[in-house]
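Just so you know, residue 1 is the first one in the sequence shown, and it goes up from there. One-based numbering, in listed order, for ligands and for the atoms of each.
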Amino acid sequence: MKTDFARHLAWTSDHPLGFEVEWAEGPFLFLTNGNRLIDFISGIAVSSLGHRHPSVLRAIRDQLDKHLHVMVYGEFIQAPQVQFSKHLTNLLPAPLDCVYFTMSGTEANEGALKLAKKYTGRNRMIAFEQSYHGDTHGSLSVTGRSIYQDPFRPLLPDVTFLTFGDFDALTEIDDQTACVITEPIQGEGGMRVPPPGWFKALRSQCSSTETLLILDEIQTGFGRTGHLFAFEHEGIIPDILTLAKAMGGGMPLGAFVSSTKIMDSLRRDPPLSHVTTFGGHPVSCAAADATLRVMTEEKLPERARWVGDQIRSKLQPSPISTLRGRGAMMGLDLPSTAIAEQVVKICLDQGVLLGWTLHSGTVIRLAPPLNIPQNILDEALDVILGALHLV
Ligand code: PMP
């Protein structure tokens, strides 16, 4: 299998982890070499209910018996899409009442950027240094890390990058700006939380210039930070919300959500100005509906706060590391990339899967399933603590 992996699959780096998964269940990955790993990154903030949650599996099986793909997005009335969009928008504040489904996070951001241009008739976009919004051309254009952009220029013109959390920079947002796109907490940037009040100031500058605020909650969404959505910590409401990752409960699904008024600009001049074949796949939507039900019934946002408290109480204070983040979306910042790699390696050898963040080699990602049982959480935190003492 390893030889064929090397021979037939495109690699994204010279050093893939290369584990072969036999099966996955709850917080565990079981490998073909007999090892059991505690998944402390949840497939990068996807498996918030753990792997193969029974309610999600049941919803998938039920939908398999009805239909798979039947038509491109937007033409037929497909019950899983309708039910899930209703369920989701019932939990969102007004005016976020209209959902456009995609297949992935980057595709959700592409749709959101196009929507902002179409609705405002403006081109200028503002984004933030150290942000990550995806790897297709539009999303990459607003991703604030030049080493990932440079090989692919030219990208979208007229994108200005500001410093995340800088109050003074917000005056750059003007009446020529179509949109500002940002994450509530920069995930790949190393779990960076902006200072209190900054989001209120950002919201207010967007409103006064009639600039649309796009919040990318692809990583922070669905309970991970301790609220169902991270904007609830900030007391603001975005104009467009982008979602993916944990939404599908392990199935691929993305979405951008806005008001019907804003979203209507995609339906005419010309009609079909934004379409997708697979967006809102019925099996993914059925899985997402079940996932959201479990999240609310089992109060997983609250549980995420408890998980965060456990992580803090065990790993803080530490002579060598700093913890950042919110809820179960935490980053452990170490003095160097070499030390961070050592910690990850020691934990892996002891059965705990941790990860890196894309823009910040010194920051280790801690993002366990939100429903990780207490004894497994304790086991993983003991391993991490032990590794911090060893390096
Ligand atoms: N936005 C954020 C904040 C992300 O963390 C990611 C994925 N890491 C994306 C967008 C892109 O999502 P996808 O990989 O599904 O395209």
Side-chain angles (χ1 to χ4, degrees), residues 10 12-13 41-48 100-116 125 127-145 148-149 152 155-156 159 161 164 179-194 199 213-225 229-231 233-234 238 240-257 276 278-281 284 287-288 291 324-331 354-361 363-367:
T12 54
S13 80
I41 51 176
S42 303
I44 315 296
V46 170
S47 319
S48 289
Y100 192 118
F101 285 118
T102 66
M103 284 179 293
S104 65
T106 195
E107 209 194 330
N109 285 334
E110 293 288 337
L113 296 173
K114 280 181 71 182
L115 178 60
M125 296 175 181
F128 294 93
E129 286 154 10
Q130 304 297 312
S131 62
Y132 182 79
H133 297 293
D135 269 344
T136 51
H137 271 89
S139 302
L140 181 61
S141 300
V142 292
T143 285
R145 188 87 192 285
Y148 293 118
Q149 293 186 307
F152 304 103
L155 295 168
L156 284 180
V159 179
F161 286 97
F164 189 63
C179 60
V180 173
I181 182 166
T182 184
E183 301 146 87
I185 296 172
Q186 289 192 327
E188 300 312 315
M191 313 303 158
R192 294 202 297 155
V193 183
F199 264 104
L213 175 58
I214 303 173
L215 263 197
D216 175 341
E217 291 237 26
I218 288 163
Q219 195 164 146
T220 52
F222 293 98
R224 178 140 301 272
T225 68
F229 297 102
F231 66 75
H233 294 283
E234 306 289 351
I240 307 176
L241 176 68
T242 63
L243 303 169
K245 286 196 184 273
M247 179 164 63
M251 293 294 285
L253 187 65
F256 54 104
V257 185
T276 162
F278 284 129
H281 193 283
S284 296
T291 300
R324 278 205 298 271
R326 255 187 187 139
M329 179 173 172
M330 301 291 258
L354 302 173
W356 61 97
T357 58
L358 201 58
H359 298 333
S360 197
V363 179
I364 294 174
R365 184 194 306 275
L366 309 176

- Look at atom 8 (N) of ligand 1 and find which of Glu217, Met103, Lys245 reaches it with the closest heavy atom. Lys245
- Just wondering, do Met191 and Leu366 contact through their side chains at under 4.5 Å, heavy atoms? no
- Let me see the working for Arg224 and Glu183 under salt bridge (charged side-chain N to carboxylate O under 4.0 Å, His left out), right down to the final yes or no. CA-CA 13 Å; Arg224 178 140 301 272; Glu183 301 146 87; over 6 Å; no
- Note on the structure: Per-atom filter on ligand 1: closer than 4.0 angstrom to a heavy atom of Glu183 are 3 (C)
- Message: Return the closest protein heavy atom for atom 12 (O) of ligand 1 as residue, atom name and distance.
- Response: Gly105 CA, 3.4 Å
- Task: Heavy-atom contacts with Thr106 under 4.0 Å: which atoms of ligand 1 show up? List them by number with element.
- Result: 11 (C), 12 (O), 13 (P), 16 (O)
- Would you check, one step at a time, whether the test side chain to side chain donor-acceptor pair (under 3.5 Å) holds for Thr225 with Thr220? CA-CA 6 Å; Thr225 68; Thr220 52; over 6 Å; no
- Task: Look only at the side chain of Thr102 and the backbone of Ser104, and say whether a donor-acceptor pair between them is shorter than 3.5 Å.
- Result: yes
- Report the nearest protein non-hydrogen atom to atom 1 (N) of ligand 1: residue, atom name, distance rounded to 0.1 Å. Asp216 OD2, 2.7 Å
- Item | Evaluation steps, ring-ring contact (aromatic ring centres under 6.0 Å, His included), between Phe229 and Phe222 | CA-CA 6 Å; Phe229 297 102; Phe222 293 98; 5.2 Å; yes
- atom 5 (O) of ligand 1 [closest protein heavy-atom partner, distance rounded to 0.1 Å]: Gln219 NE2, 2.7 Å
